[in-house]
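These notes concern the structure reproduced below.
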Protein chains: 2
Amino acid sequence: MESQLSIDEVAKRTGLTAYTLRYYERIGLIAPVGRAAGGQRRYAASDMTWIEFLLRLRTTHMPIGKMQAFAKLRGAGDSTVPDRRQMLEEHLTDVLAEIEAMRQSAEALQAKIEHYRSLEQSLASDSISDEGHANEHREPLRTRTRQTA
Amino acid sequence: MESQLSIDEVAKRTGLTAYTLRYYERIGLIAPVGRAAGGQRRYAASDMTWIEFLLRLRTTHMPIGKMQAFAKLRGAGDSTVPDRRQMLEEHLTDVLAEIEAMRQSAEALQAKIEHYRSLEQSLASDSISDEGHANEHREPLRTRTRQTA
DNA sequence: CTAGAAGTTGGAGTGCGCTCTAAGTCAACA
DNA sequence: TGTTGACTTAGAGCGCACTCCAACTTCTAG
């Protein structure tokens with residue numbers, strides 16, 4: 001049974017702090033874990049599995065309120081499996097949409113970086129032919145265009 | 001010039017609220033926009049482009065503090081282009097890592113959903129052959145650990 | 001000339017997710 | 001037996017990103 005980890009060991013392994021682990025337990029995200037003499041927490045392997053799953057939910061931005069709802073269902077036994085599956089399916093839909101949104105924005109950022117790169121080229125050649133005031137581009141949006149009233 | 005939008009029109013188009021638009025201006029994320037008679041804000045096309053870019057940064061979870069730093073560089077002219085590019089490159093690295101983390105977690109969630117699906121199958125057949133108590137299955141259920149007195 | 005709608009400002013309040021403090025308990029060691 | 005130090009608890013505090021309020025000004029319609 002090396003599956004009896006102290007709170008600090010769990011913190012180290014999960015990247016959570018001891019504060020956060022206690023907080024999660026307090027708010028019902030983690031069911032009361034076993035205790036050693038003196039009331040110190042001892043985490044079993046099954047606790048670790050659950051915490052890792054919680055971290056999956058957190059990574060995918062599930063709010064704590066929903067995690068609490070999920071944890072409550074889980075505590076209520078196998079009869080809630082369909083509900084839990086539905087929750088995860090709905091969440092997964094959101095997650096996939098968010099990943100796609102981030103992917104698109106990342107692409108836009110990449111394009112902006114490229115734009116800056118070429119802008120740096122022109123600015124560099126500007127300063128060769130015209131050293132002095134390098135400030136009449138107001139905004140590096142799409143290539144050029146700068147007029148507005 | 002239909003590029004003179006009121007704050008409500010901008011709110012409608014960007015999905016931000018008027019409150020948030022003013023807040024962004026107050027904290028320097030958006031440079032002071034043009035004003036109509038009576039001091040009402042009028043957003044030009046270039047403002048819209050910038051706001052859309054800000055939304056890209058927000059979508060990719062750049063904290064407001066960094067956006068402020070970026071906006072400040074932008075306001076300081078073309079000489080800051082290399083700094084801005086570097087900021088975006090570093091941010092993009094983070095973003096790609098986050099996307100990958102989310103992708104992996106999404107996969108784990110998908111697996112969990114499949115697991116639940118098959119679990120629902122076995123629970124259903126249980127209740128055919130053994131109608132009554134459908135609650136002695138293995139899996140992410142805590143075994144023992146209750147309290148310590 | 002009002003009335004009402006829509007804006008303006010600075011500042012206060014909110015919700016989330018931790019993060020830390022204060023006071024106390026306990027086990028182990030000198 | 002006394003001290004150390006890691007742990008415990010309830011509750012307060014914090015940083016972020018908004019979100020709303022109160023009081024005021026201005027524009028438009030009737």
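Side chains are part of it too, since the values below use all heavy atoms of this structure and drop only hydrogens, waters and symmetry mates. A note on names: the letters A, B, ... follow the listed sequences, proteins ahead of strands, and every chain is numbered from 1.
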message = When you measure only distances, ignoring hydrogens and angles, does the side chain of B:Arg22 come within 3.5 Å of the base of C:dG10 through a donor and an acceptor?
response = no
key: Single hit among B:Leu5, B:Asp8, B:Ile51 for side chain to side chain contact (heavy atoms under 4.5 Å, CB included) with B:Arg13   = B:Leu5
request  = Let me know the distance between CZ of A:Arg42 and P of C:dC26, rounded to the nearest Å.
outcome  = 15 Å
Taking distance alone, no hydrogens or angles, what donor-acceptor pairs closer than 3.5 Å link side-chain atoms of residues 14-23 of chain A to residues at least two apart or in another chain?
from, atom 1, to, atom 2, distance (Å)
A:Thr14, OG1, A:Val10, O, 2.9
A:Thr14, OG1, A:Leu16, N, 3.1
A:Thr17, OG1, A:Tyr19, N, 3.4
A:Thr17, OG1, A:Thr20, N, 3.0
A:Thr17, OG1, A:Thr20, OG1, 2.9

key: Side chain of B:Ser6 (C-beta onward), nearest among D:dA17, D:dT19, C:dG7   = C:dG7
query = When you check the phosphate oxygens OP1 and OP2 of D:dA17, does a side-chain N or O of B:Tyr19 lie under 4.0 Å from one of them?
reply = no
query = Distance check: side-chain N/O of B:Arg58 vs OP1/OP2 of D:dC18, anything under 4.0 Å?
reply = yes
query = Given atom CG of B:Leu21 and atom C1' of C:dT8, what is their separation to the nearest angstrom?
reply = 14 Å
task = Have a look at A:Arg41 and say if it touches a base, only the backbone sugar-phosphate, or nothing, with a 4.0 Å heavy-atom cut-off.
result = sugar-phosphate
message = Any side-chain to backbone donor/acceptor pair from A:Gln40 onto A:Ser6? Under 3.5 Å, distance only.
response = no
note = Among the nucleotides D:dA17, D:dT8, D:dT19, whichever has the atom closest to the side chain of A:Gln40 is D:dT8
task = Round to the nearest Å and state the distance from B:Glu25 atom CD to D:dT19 atom P.
result = 18 Å
note = Side-chain contact check for A:Ile64: nearest option of D:dA17, C:dG17, D:dC7 is C:dG17
request  = Could you say whether B:Met62 or B:Ala37 is positioned toward the 5' end of DNA chain D, judged by the nucleotide with the nearest heavy atom to each?
outcome  = B:Met62
query = Salt bridge or not for B:Arg85 and B:Glu89, using N-O below 4.0 Å?
reply = yes
query = Nearest of C:dC20, C:dG11, D:dA17 to any side-chain atom of A:Arg26?
reply = C:dC20
task = In whole angstrom, give the distance that lies between atom CD1 of B:Ile27 and atom P of C:dT9.
result = 15 Å
task = Would you mind reading off the distance between A:Met67 atom CE and C:dC16 atom C1', rounded to a whole angstrom?
result = 11 Å
request  = Could you work out which one of C:dT21, D:dT8, D:dC18 sits closest to the side chain of A:Arg35?
outcome  = D:dT8
ask   = CG of A:Asp8 versus P of D:dA6: gap in Å, rounded?
value = 9 Å
remark   = Per nearest nucleotide of DNA chain D, the residue lying toward the 5' end, B:Tyr23 or B:Ala36, is B:Tyr23
ask   = For the pair made of CD in B:Gln68 and P in D:dG15, what is the distance, rounded to whole Å?
value = 15 Å
key: d(CD1, A:Ile7; P, D:dG5) in whole Å   = 20 Å
All N/O donor-acceptor pairs, side-chain side in residues 101-109 of chain B, below 3.5 Å, sequence neighbours left out:
from, atom 1, to, atom 2, distance (Å)
B:Arg103, NE, B:Glu100, OE1, 3.0
B:Arg103, NH1, B:Glu107, OE2, 2.8
B:Arg103, NH2, B:Glu100, OE2, 2.9
B:Gln104, NE2, B:Glu100, OE2, 3.2
B:Ser105, OG, A:Arg56, NH1, 3.3
B:Ser105, OG, B:Ala101, O, 3.4

ask   = Can you tell me if the side-chain N/O atoms of A:Tyr24 get under 4.0 Å from OP1 or OP2 in C:dG17?
value = no
